[in-house]
Amino acid sequence: MNIVQPPPSVLSPELLARFAAIVGAKYAVTDPHEAAPYLTEERGLFQGHSPLVLRPGSTAEVAAICKLATETKTALVPQGGNTGLVGGQTPHNGEVVVSTRRLDKIRAIDTQSNTMTVEAGVILANAQQRATDADRLFPLSLGAEGSCTIGGNLSTNAGGIAALAYGVARDLVLGLEVVLADGRIMHGLSSLKKDNTGYDLRDLFIGAEGTLGFITAATLKMFPKPHSVETAFAGIVSPADALTLLDISRNIAAGSLTSFELIPQIAIDFVVRHGPSIRAPLAGQHPWYVLMEISSPRDDARDTIEAILTRGMEDGIVNDAVIAANLDQRAAFWKLREVISPAQKPEGGSIKHDVSVPVAAVPEFLREADAAVLKLIPGARPFAFGHLGDGNIHYNVSQPIGADTAAYLARWHDMNDAVHAVVAKLGGSISAEHGIGVLKRDELPHVKDPVALDIMRSIKNLLDPHNIMNPGKVL
Ligand code: FAD
């Protein structure tokens, strides 16, 4: 089963006017200056082009856009907050961009069912805030939460720093409203936990990166707000010690261990050098650090985190540690974590890998990936950090000091091949969180089970026979 990629989109003035009439002239952007923010992303890695950006204000308008697009075989690119890291939200081929930014209503909050029904364009931080206002928690949390949208989070099946306890975006959804390529609306905004009435179609659209349909709204799960939260930085010697500390933490904290992030000394160095007035969390230097958080429904988070760190020190794993003394220090710890990736920029080119391996294999992965990378480019600076508790490592590699950035970045695919070979050997995934988009599309056939890939293509052809939904992405 093959997917036929359409030729570059060409939009006649008449067709452009028909699309514009659906949303109204004010929300049909053709001016290049106004359209520019929708065509590139913050790292500038992908630059798209498009004659038209549509900003629908309702599900009915999205449906009308999709219906016309299928009728006229016009390719569309759904876009939320434009924070995706694999080029999925960029119109590479002159497609019409359909932005969800005006679909920004919280439709309902039900504190008895612990659910919240929101439109796709609601910014993640706003959804979190609305849950907090209702004395609840919406736990999805990631560095881009001030800009990314619920529709984008679901379409990429985002992970983030609380996935350890609450799961990834997929785990936080009960129901979806989806506009199909032909304009039909799947009304699936159920808040039922139990509903075994056939195939689970909802899950098809989560992580589909806009290639199967347009998510317009979702019913999300909320959780009780934790009573006590404590955050600590611990200095350790190796990723293997971090794994032992993870084991200790799980045994002591069980479900109240909500984050467990691995950070190398080089990341602290870069952040202190380039971050906005951020200080190192501990006085001395350590090869590695763990940033952990305990969120408890009772008043015992402090006791729990102290018990973990004490046990870690007694076992000779934790060399030094600090528990955030107040909310400001806690925010500073997380700020440090958030700016790790941007702090790489002033150090020159960075070749990135968003991979996962079985949690127990993380130390072996890091050892072998470092060896492979340094063999390929001597002097390259591995910069591995991320969600150790999920086996998800952002294995970024900064260029050697003084190297030519363009020449270094030209080795992107060679390095990907070397690192992904280690991932494959350890039974991991080449895309843990960020998706496939265009960045990893051509690699997918080499790593995905061929039968699974064939089923994916069949589903795509069934739901979107003219390939108008985000063509050229994923498949
Ligand atoms: P966009 O970037 O606009 O789109 C992403 C994809 O979803 C595209 O393929 C697009 O076509 C599709 N899409 C968007 N909206 C819809 C819709 N309504 N219906 C159908 N398809 C749609 N990701 C993580 O998982 N974990 C992290 O910890 C994390 N940290 C990040 C930190 C930073 C600083 C940045 C810049 C990014 C980070 N990301 C992370 C990646 C990114 O934020 C997520 O992928 C996010 O979920 C994308 O949401 P968005 O609204 O920006 O989507």
Side-chain angles (χ1 to χ4, degrees), residues 37-46 48 56 59 62 66 75-92 95 97-104 118-127 140-164 168-170 176-181 204-218 259 261 334 337-345 352 354 356 385-387 390 392-394 431-439 441 464 469-474:
Y38 299 90
L39 306 182
T40 185
E41 35 84 66
E42 70 164 41
R43 295 166 309 163
L45 198 59
F46 301 102
T59 302
V62 175
C66 290
L76 306 176
V77 175
Q79 189 179 101
N82 195 12
T83 69
L85 298 172
V86 291
Q89 72 281 16
T90 307
H92 299 275
E95 301 91 337
V97 176
V98 184
S99 165
T100 59
R101 289 187 199 189
R102 288 181 61 230
L103 299 172
D104 61 355
V118 306
E119 293 188 345
V122 168
I123 303 280
L124 173 56
N126 294 347
L140 188 67
S141 178
L142 41 132
E145 64 197 23
S147 323
C148 64
T149 62
I150 295 296
N153 299 149
L154 298 181
S155 299
T156 58
N157 190 22
I161 55 173
L164 181 62
V168 293
R170 184 188 301 283
L176 282 188
E177 178 185 89
V178 180
V179 173
L180 301 181
L204 269 184
F205 299 96
I206 300 174
E209 300 181 53
T211 60
L212 297 182
F214 208 115
I215 296 174
T216 45
S259 298
E261 302 284 303
W334 282 114
R337 167 65 182 84
E338 197 184 310
V339 300
I340 284 179
S341 197
Q344 272 194 289
K345 220 172 184 175
K352 299 178 194 301
D354 160 43
S356 64
F385 65 98
H387 320 297
D390 307 321
N392 173 197
I393 299 296
H394 298 302
S431 182
E433 285 196 316
H434 300 158
I436 296 295
V438 288
L439 191 65
R441 182 194 61 196
D464 181 19
M469 290 298 303
N470 222 356
K473 314 291 167 57
V474 184

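Every number for a ligand or one of its atoms is a count from 1 in the order of the listing. All heavy atoms count here, side chains included; hydrogens, waters and symmetry mates do not.
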For residues 143-151, tabulate all N or O donor-acceptor pairs below 3.5 Å that involve a side-chain atom, not counting sequence neighbours.
residue: Glu145; atom: OE1; partner: Gln128; partner atom: NE2; Å: 3.2
residue: Glu145; atom: OE1; partner: Ser141; partner atom: OG; Å: 2.9
residue: Glu145; atom: OE1; partner: Leu142; partner atom: N; Å: 3.0
residue: Thr149; atom: OG1; partner: Gly152; partner atom: N; Å: 3.1

Item to check | side chain to side chain contact (heavy atoms under 4.5 Å, CB included) involving Arg170 - partner list, sequence neighbours excluded | outcome: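 Arg170 satisfies side chain to side chain contact (heavy atoms under 4.5 Å, CB included) with Asn157, Val168, Asp203, Ile206 only.
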Keeping the roles fixed (side chain from [X], backbone from [Y]), state whether a donor-acceptor pair exists under 3.5 Å.
X	Y	value
Ser259	Ile161	yes
Gln79	Tyr38	yes
Asn82	Thr40	yes

Item to check | Shell of residues surrounding ligand 1, defined by a 4.0 angstrom heavy-atom cut-off that is strict | outcome: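 Residue list for ligand 1: Glu42, Pro78, Gln79, Gly80, Gly81, Asn82, Thr83, Gly84, Leu85, Gly88, Gln89, Thr100, Ala120, Leu142, Gly143, Ala144, Cys148, Thr149, Gly151, Gly152, Asn153, Ser155, Thr156, Ala158, Gly159, Gly160, Glu209, Gly210, Gly213, Phe214, Ile215, His387, Glu433, His434, Asn470.
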Next on the checklist: Taking side chain to side chain donor-acceptor pair (under 3.5 Å) as the definition, give me every residue that meets it alongside Asn126, ordered by chain and number, with sequence neighbours left out.
Outcome noted: none
